[in-house]
Number of protein chains: 2
Amino acid sequence: MRASDRAYAALREDIIEWRLRPGTVLAEVEQSERLGVSRTPVREALGRLTAEGLTTAAGGRGVVVTDISLDSIDELFELRETLEVRAAALAAQRGEPGVFAELQAQLLRAPDLLSEKDPARHEYYALVGRLDEAIDAAISNSYLANAMRSLRVHLVRVRRLAADDAARLHAAAAEHAAIAEAIAAGNPRLAEAATTLHLHRSLTHVKAAHVAR
Amino acid sequence: MRASDRAYAALREDIIEWRLRPGTVLAEVEQSERLGVSRTPVREALGRLTAEGLTTAAGGRGVVVTDISLDSIDELFELRETLEVRAAALAAQRGEPGVFAELQAQLLRAPDLLSEKDPARHEYYALVGRLDEAIDAAISNSYLANAMRSLRVHLVRVRRLAADDAARLHAAAAEHAAIAEAIAAGNPRLAEAATTLHLHRSLTHVKAAHVAR
DNA sequence: CATGACTTTAGTGTATACATAAACCCGGCA
DNA sequence: TGCCGGGTTTATGTATACACTAAAGTCATG
(Lines give C-alpha, C1' and ligand atoms only; values in the text may rest on other atoms or scores of the structure.)
Protein backbone atom coordinates (compact mmCIF):
# COMPACT_ATOMS: atom_id res chain seq x y z
CA MET A 1 0.00 0.00 0.00
CA ARG A 2 1.24 3.48 -0.83
CA ALA A 3 2.30 5.81 1.94
CA SER A 4 -0.10 8.47 0.67
CA ASP A 5 -2.97 6.02 1.01
CA ARG A 6 -2.01 5.24 4.57
CA ALA A 7 -1.72 8.93 5.41
CA TYR A 8 -5.09 9.59 3.82
CA ALA A 9 -6.78 6.71 5.63
CA ALA A 10 -5.25 7.70 8.96
CA LEU A 11 -6.21 11.36 8.70
CA ARG A 12 -9.67 10.56 7.42
CA GLU A 13 -10.24 8.13 10.25
CA ASP A 14 -9.01 10.66 12.81
CA ILE A 15 -11.39 13.29 11.46
CA ILE A 16 -14.42 11.00 11.21
CA GLU A 17 -13.86 9.67 14.73
CA TRP A 18 -13.58 13.22 16.03
CA ARG A 19 -10.05 12.64 17.32
CA LEU A 20 -9.14 15.66 15.20
CA ARG A 21 -11.67 18.32 16.20
CA PRO A 22 -13.04 20.93 13.79
CA GLY A 23 -10.78 23.93 13.59
CA THR A 24 -7.63 21.88 14.13
CA VAL A 25 -4.90 23.04 11.77
CA LEU A 26 -3.14 20.20 10.01
CA ALA A 27 0.42 21.36 9.29
CA GLU A 28 2.27 19.24 6.75
CA VAL A 29 5.48 18.80 8.71
CA GLU A 30 3.62 18.07 11.93
CA GLN A 31 1.46 15.39 10.33
CA SER A 32 4.34 13.91 8.35
CA GLU A 33 6.24 13.39 11.60
CA ARG A 34 3.20 11.99 13.39
CA LEU A 35 2.44 9.54 10.56
CA GLY A 36 6.04 8.65 9.87
CA VAL A 37 6.10 9.61 6.19
CA SER A 38 7.48 12.58 4.31
CA ARG A 39 5.60 15.71 3.40
CA THR A 40 4.77 14.59 -0.13
CA PRO A 41 2.26 11.84 0.70
CA VAL A 42 0.79 14.00 3.46
CA ARG A 43 0.25 16.76 0.93
CA GLU A 44 -1.59 14.42 -1.38
CA ALA A 45 -3.70 13.10 1.48
CA LEU A 46 -4.62 16.63 2.57
CA GLY A 47 -5.53 17.48 -1.00
CA ARG A 48 -7.89 14.53 -1.19
CA LEU A 49 -9.47 15.39 2.15
CA THR A 50 -9.98 18.98 1.05
CA ALA A 51 -11.58 17.82 -2.21
CA GLU A 52 -13.98 15.72 -0.13
CA GLY A 53 -14.80 18.64 2.13
CA LEU A 54 -13.45 17.10 5.34
CA THR A 55 -10.83 19.82 5.50
CA THR A 56 -10.70 23.35 4.16
CA ALA A 57 -7.71 25.14 2.70
CA ALA A 58 -7.04 28.07 5.01
CA GLY A 59 -5.24 30.35 2.58
CA GLY A 60 -1.56 30.25 3.29
CA ARG A 61 -1.67 28.64 6.69
CA GLY A 62 -2.33 24.96 6.24
CA VAL A 63 -5.66 23.21 6.11
CA VAL A 64 -8.16 23.08 8.96
CA VAL A 65 -10.66 20.36 9.85
CA THR A 66 -14.09 21.45 8.62
CA ASP A 67 -16.71 22.29 11.19
CA ILE A 68 -20.20 20.78 11.26
CA SER A 69 -22.81 23.23 12.41
CA LEU A 70 -26.52 22.68 12.90
CA ASP A 71 -27.13 24.61 9.70
CA SER A 72 -24.71 22.46 7.75
CA ILE A 73 -26.49 19.34 9.02
CA ASP A 74 -29.71 20.71 7.57
CA GLU A 75 -27.96 21.34 4.27
CA LEU A 76 -26.37 17.91 4.34
CA PHE A 77 -29.71 16.21 4.83
CA GLU A 78 -31.33 18.34 2.17
CA LEU A 79 -28.87 17.00 -0.38
CA ARG A 80 -29.11 13.54 1.11
CA GLU A 81 -32.84 13.48 0.70
CA THR A 82 -32.56 14.73 -2.86
CA LEU A 83 -30.15 11.97 -3.82
CA GLU A 84 -31.39 9.05 -1.77
CA VAL A 85 -35.08 9.50 -2.52
CA ARG A 86 -34.25 9.43 -6.19
CA ALA A 87 -31.88 6.52 -5.75
CA ALA A 88 -34.52 4.50 -3.91
CA ALA A 89 -37.01 5.10 -6.70
CA LEU A 90 -34.51 4.08 -9.36
CA ALA A 91 -33.52 1.00 -7.39
CA ALA A 92 -37.16 -0.01 -7.19
CA GLN A 93 -37.34 0.22 -10.97
CA ARG A 94 -34.06 -1.44 -11.80
CA GLY A 95 -32.95 -3.58 -8.88
CA GLU A 96 -33.09 -7.32 -8.44
CA PRO A 97 -36.05 -7.98 -6.11
CA GLY A 98 -34.38 -11.02 -4.56
CA VAL A 99 -31.40 -9.04 -3.30
CA PHE A 100 -33.57 -6.53 -1.48
CA ALA A 101 -35.96 -9.13 -0.15
CA GLU A 102 -32.99 -10.86 1.45
CA LEU A 103 -31.75 -7.55 2.89
CA GLN A 104 -35.20 -6.83 4.25
CA ALA A 105 -35.22 -10.18 6.04
CA GLN A 106 -31.82 -9.48 7.55
CA LEU A 107 -32.86 -5.99 8.63
CA LEU A 108 -35.91 -7.36 10.38
CA ARG A 109 -33.54 -9.55 12.39
CA ALA A 110 -31.32 -6.55 13.20
CA PRO A 111 -32.43 -6.45 16.87
CA ASP A 112 -30.48 -9.69 17.30
CA LEU A 113 -27.33 -7.93 16.17
CA LEU A 114 -27.90 -5.05 18.55
CA SER A 115 -28.56 -7.17 21.59
CA GLU A 116 -25.13 -8.76 21.43
CA LYS A 117 -22.24 -7.03 23.06
CA ASP A 118 -20.87 -4.92 20.25
CA PRO A 119 -20.48 -1.35 21.49
CA ALA A 120 -19.40 -0.11 18.09
CA ARG A 121 -22.38 -1.83 16.44
CA HIS A 122 -20.11 -3.04 13.67
CA GLU A 123 -22.46 -5.80 12.55
CA TYR A 124 -25.41 -3.48 12.37
CA TYR A 125 -23.65 -0.74 10.43
CA ALA A 126 -22.16 -3.33 8.08
CA LEU A 127 -25.66 -4.53 7.29
CA VAL A 128 -26.89 -1.01 6.60
CA GLY A 129 -23.77 -0.54 4.47
CA ARG A 130 -24.75 -3.56 2.41
CA LEU A 131 -28.12 -1.98 1.74
CA ASP A 132 -26.37 1.17 0.54
CA GLU A 133 -24.14 -0.88 -1.72
CA ALA A 134 -27.08 -2.82 -3.10
CA ILE A 135 -28.85 0.44 -3.96
CA ASP A 136 -25.68 1.81 -5.56
CA ALA A 137 -25.40 -1.30 -7.70
CA ALA A 138 -29.09 -1.34 -8.59
CA ILE A 139 -29.26 2.22 -9.89
CA SER A 140 -26.29 1.54 -12.20
CA ASN A 141 -25.41 5.22 -12.41
CA SER A 142 -21.82 5.96 -11.53
CA TYR A 143 -22.35 9.73 -11.24
CA LEU A 144 -25.22 9.34 -8.81
CA ALA A 145 -23.40 6.62 -6.89
CA ASN A 146 -20.31 8.81 -6.58
CA ALA A 147 -22.37 11.73 -5.34
CA MET A 148 -23.87 9.53 -2.63
CA ARG A 149 -20.51 8.06 -1.69
CA SER A 150 -19.03 11.50 -1.16
CA LEU A 151 -22.02 12.37 1.01
CA ARG A 152 -21.69 9.31 3.23
CA VAL A 153 -18.32 10.40 4.53
CA HIS A 154 -19.92 13.44 6.10
CA LEU A 155 -22.87 11.41 7.32
CA VAL A 156 -20.66 8.99 9.21
CA ARG A 157 -19.12 12.00 10.89
CA VAL A 158 -22.54 13.28 11.92
CA ARG A 159 -23.53 9.82 13.11
CA ARG A 160 -20.55 9.65 15.44
CA LEU A 161 -21.68 12.99 16.79
CA ALA A 162 -25.23 11.84 17.41
CA ALA A 163 -24.30 8.80 19.51
CA ASP A 164 -27.14 6.56 18.42
CA ASP A 165 -28.92 4.81 21.26
CA ALA A 166 -30.36 1.32 20.99
CA ALA A 167 -33.93 2.58 20.68
CA ARG A 168 -33.11 4.73 17.70
CA LEU A 169 -31.18 1.93 16.02
CA HIS A 170 -34.10 -0.45 16.42
CA ALA A 171 -36.41 2.08 14.81
CA ALA A 172 -33.89 2.85 12.07
CA ALA A 173 -33.54 -0.84 11.23
CA ALA A 174 -37.30 -1.09 10.78
CA GLU A 175 -37.24 1.98 8.54
CA HIS A 176 -34.43 0.49 6.47
CA ALA A 177 -36.39 -2.74 6.20
CA ALA A 178 -39.34 -0.77 4.87
CA ILE A 179 -37.14 0.80 2.21
CA ALA A 180 -35.78 -2.61 1.20
CA GLU A 181 -39.29 -4.01 1.09
CA ALA A 182 -40.52 -1.23 -1.19
CA ILE A 183 -37.56 -1.70 -3.53
CA ALA A 184 -38.05 -5.46 -3.56
CA ALA A 185 -41.70 -4.87 -4.45
CA GLY A 186 -40.62 -2.71 -7.38
CA ASN A 187 -42.68 0.20 -6.11
CA PRO A 188 -40.83 3.50 -6.71
CA ARG A 189 -43.38 5.76 -5.03
CA LEU A 190 -43.37 3.61 -1.92
CA ALA A 191 -39.57 3.50 -1.89
CA GLU A 192 -39.48 7.30 -2.07
CA ALA A 193 -41.94 7.60 0.79
CA ALA A 194 -40.09 5.12 2.99
CA THR A 195 -36.82 6.91 2.34
CA THR A 196 -38.29 10.33 3.03
CA LEU A 197 -39.73 9.08 6.29
CA HIS A 198 -36.47 7.49 7.38
CA LEU A 199 -34.39 10.58 6.59
CA HIS A 200 -36.83 12.84 8.37
CA ARG A 201 -36.68 10.77 11.54
CA SER A 202 -32.94 10.41 11.29
CA LEU A 203 -32.49 14.17 10.99
CA THR A 204 -34.86 14.81 13.88
CA HIS A 205 -32.88 12.44 16.07
CA VAL A 206 -29.53 13.88 15.09
CA LYS A 207 -30.63 17.43 15.75
CA ALA A 208 -32.14 16.52 19.11
CA ALA A 209 -28.90 14.82 20.16
CA HIS A 210 -26.90 17.79 18.91
CA VAL A 211 -28.96 20.30 20.82
CA ALA A 212 -28.71 18.19 23.97
CA ARG A 213 -25.02 19.03 24.19
CA MET B 1 -0.83 32.42 -9.20
CA ARG B 2 0.58 29.03 -8.21
CA ALA B 3 2.13 26.80 -10.81
CA SER B 4 -0.17 23.94 -9.80
CA ASP B 5 -3.19 26.16 -10.46
CA ARG B 6 -1.90 27.03 -13.91
CA ALA B 7 -1.21 23.37 -14.68
CA TYR B 8 -4.68 22.43 -13.44
CA ALA B 9 -6.39 25.15 -15.45
CA ALA B 10 -4.42 24.30 -18.60
CA LEU B 11 -5.10 20.58 -18.40
CA ARG B 12 -8.74 21.07 -17.53
CA GLU B 13 -9.20 23.46 -20.43
CA ASP B 14 -7.48 21.05 -22.80
CA ILE B 15 -9.77 18.23 -21.71
CA ILE B 16 -12.99 20.26 -21.80
CA GLU B 17 -12.17 21.66 -25.25
CA TRP B 18 -11.44 18.14 -26.48
CA ARG B 19 -7.86 19.00 -27.38
CA LEU B 20 -6.95 16.06 -25.16
CA ARG B 21 -9.11 13.19 -26.40
CA PRO B 22 -10.52 10.49 -24.15
CA GLY B 23 -8.05 7.68 -23.67
CA THR B 24 -5.04 9.99 -23.87
CA VAL B 25 -2.50 9.05 -21.22
CA LEU B 26 -1.16 12.02 -19.29
CA ALA B 27 2.36 11.15 -18.17
CA GLU B 28 3.73 13.40 -15.47
CA VAL B 29 7.11 14.09 -17.05
CA GLU B 30 5.59 14.68 -20.47
CA GLN B 31 3.03 17.19 -19.14
CA SER B 32 5.52 18.90 -16.88
CA GLU B 33 7.74 19.58 -19.89
CA ARG B 34 4.82 20.73 -22.01
CA LEU B 35 3.56 23.11 -19.34
CA GLY B 36 6.98 24.28 -18.25
CA VAL B 37 6.68 23.33 -14.57
CA SER B 38 8.08 20.48 -12.52
CA ARG B 39 6.36 17.21 -11.81
CA THR B 40 5.06 18.25 -8.38
CA PRO B 41 2.44 20.79 -9.52
CA VAL B 42 1.47 18.52 -12.41
CA ARG B 43 0.89 15.71 -9.94
CA GLU B 44 -1.39 17.89 -7.85
CA ALA B 45 -3.28 19.04 -10.94
CA LEU B 46 -3.78 15.45 -12.10
CA GLY B 47 -5.01 14.53 -8.64
CA ARG B 48 -7.60 17.27 -8.74
CA LEU B 49 -8.73 16.28 -12.22
CA THR B 50 -9.06 12.66 -11.15
CA ALA B 51 -11.10 13.68 -8.10
CA GLU B 52 -13.43 15.57 -10.45
CA GLY B 53 -13.72 12.60 -12.75
CA LEU B 54 -12.17 14.25 -15.81
CA THR B 55 -9.33 11.76 -15.66
CA THR B 56 -9.06 8.24 -14.28
CA ALA B 57 -6.09 6.71 -12.51
CA ALA B 58 -4.88 3.85 -14.69
CA GLY B 59 -3.23 1.67 -12.06
CA GLY B 60 0.47 2.26 -12.11
CA ARG B 61 0.69 3.73 -15.58
CA GLY B 62 -0.37 7.38 -15.42
CA VAL B 63 -3.86 8.80 -15.69
CA VAL B 64 -6.03 8.73 -18.78
CA VAL B 65 -8.64 11.23 -19.97
CA THR B 66 -12.09 9.87 -19.10
CA ASP B 67 -14.34 8.83 -21.93
CA ILE B 68 -17.90 10.05 -22.38
CA SER B 69 -20.18 7.41 -23.82
CA LEU B 70 -23.85 7.66 -24.70
CA ASP B 71 -24.64 5.68 -21.57
CA SER B 72 -22.63 8.02 -19.37
CA ILE B 73 -24.51 10.99 -20.86
CA ASP B 74 -27.74 9.35 -19.76
CA GLU B 75 -26.32 8.85 -16.28
CA LEU B 76 -25.03 12.40 -16.19
CA PHE B 77 -28.43 13.82 -17.04
CA GLU B 78 -30.14 11.54 -14.56
CA LEU B 79 -28.08 13.06 -11.77
CA ARG B 80 -28.45 16.50 -13.29
CA GLU B 81 -32.20 16.23 -13.29
CA THR B 82 -32.20 15.00 -9.71
CA LEU B 83 -30.17 17.95 -8.52
CA GLU B 84 -31.41 20.77 -10.71
CA VAL B 85 -35.11 20.00 -10.35
CA ARG B 86 -34.69 20.12 -6.59
CA ALA B 87 -32.53 23.24 -6.81
CA ALA B 88 -35.11 25.03 -8.92
CA ALA B 89 -37.83 24.22 -6.41
CA LEU B 90 -35.73 25.44 -3.51
CA ALA B 91 -34.78 28.59 -5.37
CA ALA B 92 -38.47 29.30 -5.95
CA GLN B 93 -39.03 29.03 -2.21
CA ARG B 94 -35.99 30.96 -1.04
CA GLY B 95 -34.78 33.19 -3.85
CA GLU B 96 -35.20 36.91 -4.34
CA PRO B 97 -37.96 37.32 -6.96
CA GLY B 98 -36.37 40.50 -8.33
CA VAL B 99 -33.13 38.78 -9.26
CA PHE B 100 -34.86 36.10 -11.30
CA ALA B 101 -37.32 38.50 -12.89
CA GLU B 102 -34.35 40.47 -14.19
CA LEU B 103 -32.69 37.29 -15.45
CA GLN B 104 -35.91 36.28 -17.16
CA ALA B 105 -36.01 39.63 -18.97
CA GLN B 106 -32.42 39.22 -20.10
CA LEU B 107 -33.04 35.65 -21.27
CA LEU B 108 -35.99 36.79 -23.34
CA ARG B 109 -33.63 39.17 -25.10
CA ALA B 110 -31.09 36.38 -25.66
CA PRO B 111 -31.78 36.19 -29.43
CA ASP B 112 -30.08 39.59 -29.67
CA LEU B 113 -26.93 38.09 -28.19
CA LEU B 114 -26.99 35.18 -30.60
CA SER B 115 -27.51 37.24 -33.71
CA GLU B 116 -24.25 39.12 -33.21
CA LYS B 117 -21.08 37.64 -34.52
CA ASP B 118 -19.84 35.66 -31.57
CA PRO B 119 -19.02 32.16 -32.74
CA ALA B 120 -18.18 31.00 -29.24
CA ARG B 121 -21.47 32.43 -27.90
CA HIS B 122 -19.62 33.82 -24.92
CA GLU B 123 -22.30 36.38 -24.08
CA TYR B 124 -25.03 33.80 -24.18
CA TYR B 125 -23.27 31.22 -22.07
CA ALA B 126 -22.25 33.90 -19.58
CA LEU B 127 -25.92 34.80 -19.17
CA VAL B 128 -26.90 31.18 -18.59
CA GLY B 129 -24.01 30.96 -16.16
CA ARG B 130 -25.45 33.90 -14.21
CA LEU B 131 -28.73 32.03 -13.90
CA ASP B 132 -26.85 29.03 -12.50
CA GLU B 133 -25.05 31.25 -10.03
CA ALA B 134 -28.29 32.93 -8.98
CA ILE B 135 -29.85 29.54 -8.30
CA ASP B 136 -26.76 28.44 -6.37
CA ALA B 137 -26.98 31.55 -4.23
CA ALA B 138 -30.73 31.28 -3.73
CA ILE B 139 -30.74 27.72 -2.43
CA SER B 140 -28.09 28.62 0.18
CA ASN B 141 -26.95 25.05 0.49
CA SER B 142 -23.23 24.60 0.00
CA TYR B 143 -23.40 20.82 -0.34
CA LEU B 144 -26.02 20.98 -3.05
CA ALA B 145 -24.24 23.84 -4.78
CA ASN B 146 -20.96 21.92 -4.74
CA ALA B 147 -22.62 18.84 -6.18
CA MET B 148 -24.00 20.92 -9.04
CA ARG B 149 -20.70 22.66 -9.62
CA SER B 150 -18.89 19.37 -9.98
CA LEU B 151 -21.53 18.26 -12.46
CA ARG B 152 -21.22 21.35 -14.63
CA VAL B 153 -17.65 20.55 -15.56
CA HIS B 154 -18.81 17.38 -17.28
CA LEU B 155 -21.78 19.16 -18.83
CA VAL B 156 -19.58 21.76 -20.47
CA ARG B 157 -17.61 18.90 -21.97
CA VAL B 158 -20.78 17.34 -23.33
CA ARG B 159 -21.93 20.71 -24.65
CA ARG B 160 -18.74 21.13 -26.65
CA LEU B 161 -19.45 17.71 -28.10
CA ALA B 162 -23.00 18.57 -29.09
CA ALA B 163 -22.13 21.69 -31.10
CA ASP B 164 -25.25 23.67 -30.33
CA ASP B 165 -26.87 25.27 -33.33
CA ALA B 166 -28.63 28.63 -33.27
CA ALA B 167 -32.08 27.08 -33.32
CA ARG B 168 -31.40 24.98 -30.24
CA LEU B 169 -29.91 27.95 -28.40
CA HIS B 170 -32.97 30.07 -29.13
CA ALA B 171 -35.21 27.36 -27.75
CA ALA B 172 -32.95 26.78 -24.76
CA ALA B 173 -33.00 30.48 -23.91
CA ALA B 174 -36.78 30.40 -23.86
CA GLU B 175 -36.70 27.35 -21.61
CA HIS B 176 -34.29 29.06 -19.26
CA ALA B 177 -36.52 32.11 -19.22
CA ALA B 178 -39.42 29.89 -18.20
CA ILE B 179 -37.38 28.52 -15.31
CA ALA B 180 -36.43 32.01 -14.17
CA GLU B 181 -40.05 33.11 -14.44
CA ALA B 182 -41.26 30.22 -12.29
CA ILE B 183 -38.63 30.95 -9.65
CA ALA B 184 -39.44 34.66 -9.69
CA ALA B 185 -43.10 33.76 -9.19
CA GLY B 186 -42.15 31.69 -6.16
CA ASN B 187 -43.82 28.62 -7.62
CA PRO B 188 -41.76 25.48 -6.80
CA ARG B 189 -43.91 23.02 -8.73
CA LEU B 190 -43.76 25.18 -11.83
CA ALA B 191 -40.01 25.61 -11.47
CA GLU B 192 -39.62 21.84 -11.27
CA ALA B 193 -41.74 21.33 -14.36
CA ALA B 194 -39.88 23.96 -16.37
CA THR B 195 -36.54 22.46 -15.38
CA THR B 196 -37.64 18.92 -16.19
CA LEU B 197 -38.82 20.06 -19.59
CA HIS B 198 -35.61 21.93 -20.33
CA LEU B 199 -33.37 19.04 -19.31
CA HIS B 200 -35.40 16.56 -21.32
CA ARG B 201 -35.09 18.66 -24.47
CA SER B 202 -31.45 19.34 -23.83
CA LEU B 203 -30.71 15.64 -23.48
CA THR B 204 -32.69 14.80 -26.59
CA HIS B 205 -30.70 17.35 -28.57
CA VAL B 206 -27.36 16.19 -27.23
CA LYS B 207 -28.07 12.54 -28.00
CA ALA B 208 -29.29 13.35 -31.50
CA ALA B 209 -26.10 15.31 -32.18
CA HIS B 210 -24.01 12.53 -30.71
CA VAL B 211 -25.64 9.84 -32.83
CA ALA B 212 -25.21 11.99 -35.94
CA ARG B 213 -21.46 11.44 -35.81
C1' DC C 1 8.44 -21.27 -33.96
C1' DA C 2 6.50 -20.48 -29.57
C1' DT C 3 6.88 -19.76 -24.81
C1' DG C 4 8.88 -18.39 -20.62
C1' DA C 5 12.07 -16.05 -17.79
C1' DC C 6 15.30 -12.40 -17.45
C1' DT C 7 16.78 -7.80 -18.39
C1' DT C 8 15.93 -3.41 -19.46
C1' DT C 9 13.43 0.76 -19.17
C1' DA C 10 10.14 4.04 -18.48
C1' DG C 11 7.25 5.97 -15.30
C1' DT C 12 5.27 6.67 -10.86
C1' DG C 13 6.03 7.00 -5.53
C1' DT C 14 8.75 9.16 -1.98
C1' DA C 15 12.06 11.99 0.30
C1' DT C 16 14.34 16.19 0.74
C1' DA C 17 16.52 20.58 -0.35
C1' DC C 18 15.51 25.08 -1.73
C1' DA C 19 12.39 29.17 -2.93
C1' DT C 20 8.85 32.01 -1.53
C1' DA C 21 5.28 34.14 0.82
C1' DA C 22 2.47 35.12 4.69
C1' DA C 23 2.06 35.85 9.61
C1' DC C 24 3.95 37.23 13.84
C1' DC C 25 6.70 39.91 16.81
C1' DC C 26 9.15 43.70 18.30
C1' DG C 27 10.53 48.30 18.22
C1' DG C 28 9.84 52.94 17.00
C1' DC C 29 6.90 56.73 16.36
C1' DA C 30 2.74 59.63 16.53
C1' DT D 1 -1.28 53.81 24.29
C1' DG D 2 -2.23 52.53 19.79
C1' DC D 3 -0.61 51.97 15.20
C1' DC D 4 2.57 51.22 11.57
C1' DG D 5 6.66 49.02 9.46
C1' DG D 6 10.42 46.06 8.84
C1' DG D 7 12.82 41.86 10.16
C1' DT D 8 12.33 37.22 11.47
C1' DT D 9 10.19 33.00 11.49
C1' DT D 10 7.51 29.36 9.97
C1' DA D 11 4.71 27.55 6.94
C1' DT D 12 3.61 26.14 2.24
C1' DG D 13 5.03 25.85 -2.95
C1' DT D 14 8.36 23.94 -6.15
C1' DA D 15 12.15 21.42 -8.02
C1' DT D 16 14.80 17.41 -8.21
C1' DA D 17 17.21 13.19 -6.92
C1' DC D 18 16.50 8.58 -5.74
C1' DA D 19 13.69 4.17 -5.03
C1' DC D 20 10.66 0.97 -6.62
C1' DT D 21 7.40 -1.21 -9.51
C1' DA D 22 5.38 -2.81 -13.53
C1' DA D 23 5.43 -3.27 -18.42
C1' DA D 24 7.77 -4.33 -22.57
C1' DG D 25 11.34 -6.23 -25.10
C1' DT D 26 14.74 -9.78 -25.82
C1' DC D 27 17.22 -13.87 -25.51
C1' DA D 28 17.47 -18.64 -24.68
C1' DT D 29 15.42 -23.01 -24.63
C1' DG D 30 11.92 -26.58 -25.51
Side-chain angles (χ1 to χ4, degrees), chain A residues 1-16 19-67 142 146 149-150 153, chain B residues 1-16 19-67 142 146 149-150 153:
Chain A
M1 185 188 255
R2 297 183 302 179
S4 62
D5 289 337
R6 281 189 291 115
Y8 168 75
L11 286 168
R12 180 183 149 123
E13 180 99 356
D14 285 340
I15 293 173
I16 288 177
R19 288 190 291 266
L20 289 173
R21 307 292 293 250
T24 307
V25 296
L26 302 177
E28 293 178 4
V29 285
E30 169 196 354
Q31 294 304 317
S32 69
E33 288 170 4
R34 185 171 77 91
L35 300 172
V37 295
S38 84
R39 274 182 59 207
T40 307
V42 171
R43 258 184 96 77
E44 183 174 325
L46 291 177
R48 276 203 261 175
L49 292 169
T50 301
E52 278 180 314
L54 287 178
T55 58
T56 309
R61 212 61 161 201
V63 302
V64 301
V65 179
T66 306
D67 189 22
S142 59
N146 280 334
R149 244 192 301 278
S150 69
V153 186
Chain B
M1 186 189 251
R2 298 182 302 180
S4 62
D5 289 337
R6 282 189 291 116
Y8 168 74
L11 285 169
R12 180 184 150 124
E13 179 98 357
D14 285 342
I15 293 173
I16 289 178
R19 288 190 291 265
L20 289 173
R21 306 292 294 251
T24 306
V25 295
L26 302 178
E28 293 178 5
V29 285
E30 168 197 355
Q31 295 303 317
S32 68
E33 288 170 4
R34 185 171 77 92
L35 300 172
V37 295
S38 84
R39 274 181 59 207
T40 308
V42 171
R43 259 185 97 77
E44 184 175 325
L46 290 177
R48 277 203 260 174
L49 292 170
T50 301
E52 278 181 312
L54 287 180
T55 58
T56 308
R61 212 61 160 202
V63 302
V64 300
V65 179
T66 306
D67 189 22
S142 58
N146 280 333
R149 244 192 300 278
S150 69
V153 186

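Lettering of chains follows the sequences in order, A, B, ..., and the numbering in each one begins at 1.
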With 3.5 Å as the limit, what N/O pairs link the protein to nucleotides 16-19 of chain C?
unit_1: C:dT16; atom_1: O4; unit_2: A:Thr40; atom_2: OG1; d: 3.3

In whole angstrom, what separates [X]'s [atom1] from [N]'s [atom2]?
X	N	atom1	atom2	result
A:Arg43	D:dA15	CZ	P	12 Å
A:Glu44	C:dT12	CD	C1'	11 Å
B:Leu46	C:dT12	CG	P	9 Å
B:Asp5	D:dT14	CG	C1'	13 Å
A:Arg6	C:dG13	CZ	C1'	12 Å
B:Gln31	C:dG11	CD	P	12 Å
B:Glu28	D:dT14	CD	C1'	14 Å
A:Arg2	C:dA15	CZ	C1'	16 Å

Any donor and acceptor pair, going by atom type alone, linking the side chain of [X] with main-chain N or O of [Y] inside 3.5 Å?
X	Y	answer
B:Ser4	B:Ala45	no
B:Thr24	B:Val65	no
A:Thr66	A:Gly53	yes

So, for A:Leu11 and A:Leu26, which heavy atoms are closest and what is the spacing to 0.1 Å? CD2-CD1, 4.5 Å
Heavy atoms only: give me the nearest A:Leu35-A:Ala10 pair and the separation to one decimal. CD2-CB, 3.9 Å
Flag the pair B:Arg34 / B:Asp14 as yes when at least one side-chain heavy-atom distance between them is below 4.5 Å, and no otherwise. yes
Heavy-atom check, side chain of A:Ile16 versus side chain of A:Glu13, under 4.5 Å: no
Please determine whether a side-chain nitrogen of the Lys or Arg among B:Arg12 and B:Asp5 lies less than 4.0 Å from a carboxylate oxygen of the Asp or Glu. no
Could you tell me whether the side chains of B:Ser38 and B:Ser32 share a donor-acceptor contact shorter than 3.5 Å? no
Starting the side chain at C-beta, find the nucleotide from D:dT12, D:dT14, C:dG13 nearest to B:Ser4. D:dT14
Between its two end axes (five pairs each) the helix from C:dC1-D:dG30 to C:dA30-D:dT1 turns, nearest 10 degrees, through 10°
